[in-house]
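Atoms within a ligand are numbered from 1 in the order they appear, just like the ligands themselves. FYI, side chains are in, hydrogens and waters are out, and symmetry mates aren't considered; it's all heavy atoms of this structure. Residue numbers start at 1 and run along the sequence shown.
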Amino acid sequence: MSHKLYPHVFRPLKIGQTRIRNRIFVPGHTTNYGENNLPSKRHLEYHRARAAGGVGLIIFEGIRVHKSSLGRQQGVNGYEAEAIPRFRDIAKAVQTEGAKIFGQVLHLGRHIDGNFARMASWSASSIPWTATAPAPHPMTRQEIGMIVQAHADVASNLLEAGLDGIELQLAHGHLLQQFLSPISNERTDEYGGSFDNRMRFIRETLAAVRAAIGDQTMGVRISAEEFLDGGLDLDDMCDVVRRLVTEFKIDFVNVSHSAYHGSYTISTQMADMAFKNEQFHYLTEALSRSVSDLPNKPVIMSVCRYNTVDLAETMLAKGDADMIGMARAHIADPELVNKARDGRQDETIPCIGCNQGCADMLNLNLAISCLTNPRSGMEAQWPKPFLSAVDAPRRLLVVGGGPAGLEAASVAGERGIDVTLVEAKSELGGGLNYLRDMPLRKEFLHLVDSQKLRLERSGVRIKLNHSMSEEMLSDYKDDHIIWAGGAHPRGEVFANGEIAMTLEEALSMGDKLDQSIFMVDHLGTWSVASVAEHFADLGKQVTIIVPTGVLGWKISIYSSFALKQRLREKGVQVIGGHKIKTFSNGLLELEDMSLGKINGTHQADHVISPMLGIPNVLTLPFEISEGGFSSFQIIGDSVSARTALEAVYEGHEAALLLI
Ligand SMILES: Cc1cc2nc3c(=O)[nH]c(=O)nc-3n(C[C@H](O)[C@H](O)[C@H](O)COP(=O)(O)O)c2cc1C
């Protein structure tokens, strides 16, 4: 019987030789959970949780085929014998839960930092992928032959380990795409120049993998658009796929886009909340239609920004996609498919497309997690029973209803603790409420909504408009208190004593601000850049001064290039290496920090220059700050002013620690 709400999602499907229980898959995503370049127990528990959560198919993250693609030790290889039993355990865990698992076979080419393996990275030509990347070594024919064979060997290893199929990675600007794209291939031998020559490496690899694995399930992941001037476009890629499908047995085509390149394109791969959910659907549709007349039309997979099962259902119903990938949505909630199946969609922990806990961690060579779900990646360390009710019936008082306090109260409530949350303002959400009027950032409110729902469901008492009193704190002396009082915003003080506006002050004025706005980015987070964009969207003339030289330097490449392109299109001027010396009577002086000299005066209606907020702990009664209370924890911006990522994590962890 078909599912009432999601008839297309909950329809089984066969890919090659693999039967899959529904149409949702987890696209390959590097977790950085590897140990010594091998899969780990953390991988196993992470994927087991997603399989148990109902997804049909998991594609295991990019598995390196050769030492020249190894990079950081948290990445995973499939060529060492030691990898096979580890993959076997992971495959068994996933399959036991009713899902299937494919392995993504990958050579990163010029994207690895060769310093990890003490060798240069390899590519088609010696063209680095960004201005700051190391120069790659142009591969010899012998090296190409070795890597062709390496793909085949790793594919065989993975199937020997019991995985259900292979995804050959031709996408995202990795090695095989580097050969295919005229942007990165300037060779003059038989692997460069004409289209046929640039396809040669891919053809040889596909032939070798097929020969090694016989009829077992194999497909390709492609970038249907490179979004690069002079790069591969949709027409090229429709042509490439058509040729490959005609020549080889290709069971599925996973349609992604982008290339690792120091420009806008890389920020499309894990498109953040500023992108529309449907922005890249046209690529799947065109690609699917370009092979629709072929007798062996492969299964077509569509990805990117599907963050609800409703979106997946709509796309499947249109008929061009056979499966929908939900990577970040599964990082956020491993059980999202079962929740949709059982009519509990409203309980889904939302992916808000912030990239802060997942993609941004890749940039830092750290393990991925999720801003909205700190349990993500902690399945082995924080096993589920930890959530069960505590033995001792102590109560909990949470002070502060921002993201940290909301998370702490939710988790404690879910553990069966008697929780009261007090908030001085009239609504929950803290600083995130400022994003309500910012269309490109307001998905953060989904986090607040989901936390509120969790509070409600777990019976947490909420007291709004409630100032904290010493009596109330004393009442909890022998119970638990979690202090999530946030931080006081403050503006920069200029040399002439003038104080700049804070972001909060500026956002409260909104449309009432006058035309010419100068902002200073001392923080490097989304805060200044996103508010600047918001004011530009309101039609203001915005200039951003960046003393460090790089606007929003803590935002990873997975968002920053698109952000900078949008700011450029909206006429926001960014001036690096300067600071504001003085501001008075609508005139500001800019100092060139390299010379230490004034470099011009400018007229400005407003100057907005937030400094780090002051943690709101110094006003605590002496007895508490000196440890006089039995269980007192400080979390979030009250510890030090950071972002919602740290706030939610600390709220979650603090509530888990209550005994
Ligand atoms: C943390 C992270 C790591 C990723 N690593 C890979 C990878 O190893 N191989 C790959 O093909 N795509 C990788 N991707 C891209 C995803 O497969 C997917 O295409 C992208 O996240 C868009 O889908 P989504 O909106 O469902 O997240 C990664 C994405 C994320 C967020």
Side-chain angles (χ1 to χ4, degrees), residues 24-34 39 43 46 50 55 57-64 69 71-72 74-78 102-108 111-112 166-177 219-224 253-260 266-281 283-284 301-309 311-312 315 321 323-333 336-337 350-371 376-377 443 556-559:
I24 305 291
F25 74 102
V26 181
H29 56 280
T30 298
T31 53
N32 277 342
Y33 298 159
H43 276 115
Y46 176 81
R50 271 105 200 129
V55 76
L57 166 71
I58 290 172
I59 301 185
F60 194 89
E61 68 192 62
I63 300 162
R64 281 86 162 142
S69 176
R72 57 183 179 266
Q74 306 95 308
V76 168
N77 88 78
F102 294 172
Q104 183 183 84
V105 175
L106 158 85
H107 193 298
L108 290 150
H111 303 143
I112 64 141
I166 297 298
E167 177 178 83
L168 194 61
Q169 172 62 301
L170 310 184
H172 299 168
H174 297 311
L175 182 67
L176 293 174
Q177 190 174 323
V220 294
R221 182 164 223 200
I222 57 139
S223 278
V253 178
N254 180 351
V255 186
S256 187
H257 51 264
S258 80
Y260 269 83
I266 188 56
S267 301
T268 65
Q269 190 189 128
M270 295 84 148
D272 67 25
M273 67 175 84
F275 286 86
K276 292 192 176 59
N277 290 94
E278 296 80 9
Q279 187 131 355
F280 303 107
H281 292 188
L283 298 172
T284 306
M301 297 173 167
S302 183
V303 298
C304 204
R305 282 282 277 154
Y306 291 96
N307 55 6
T308 64
V309 174
L311 280 168
M315 184 65 173
M323 279 199 95
I324 302 296
M326 301 177 78
R328 286 168 297 172
H330 269 100
I331 301 176
D333 193 337
L336 82 100
V337 173
C351 167
I352 58 173
C354 66
N355 282 349
Q356 286 176 232
C358 55
D360 287 7
M361 292 301 133
L362 294 184
N363 241 39
L364 300 171
N365 285 340
L366 291 173
I368 66 160
S369 182
C370 180
L371 185 147
S376 191
E443 274 192 49
S556 79
I557 55 169
Y558 300 107
S559 286

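- With respect to Arg305 and Glu443, a salt bridge is recorded, a charged nitrogen being found less than 4.0 Å from a carboxylate O.
- No side-chain donor from either of His174 and His107 sits under 3.5 Å from a side-chain acceptor of the other.
- Sorted by chain then number, the residues whose non-hydrogen atoms approach ligand 1 to under 4.0 Å are Pro27, Gly28, His29, Thr30, Gly62, Gln104, Gln169, His172, Arg221, Gln269, Met270, Cys304, Arg305, Gly325, Met326, Ala327, Arg328, Cys358, Ala359, Leu362, Ile368.
- Side-chain N/O atoms of Ser256 and Gln269 include no donor and acceptor closer than 3.5 Å.
- Put simply, the side chain of Gln169 never gets that close to the backbone of Val105: no donor and acceptor are under 3.5 Å apart.
- Proximity of a side-chain donor or acceptor of Ser258 to a complementary backbone N or O of Ile266 within less than 3.5 Å is not detected.
- In summary, the aromatic rings of His281 and Tyr306 are positioned with their centroids under 6.0 Å apart.
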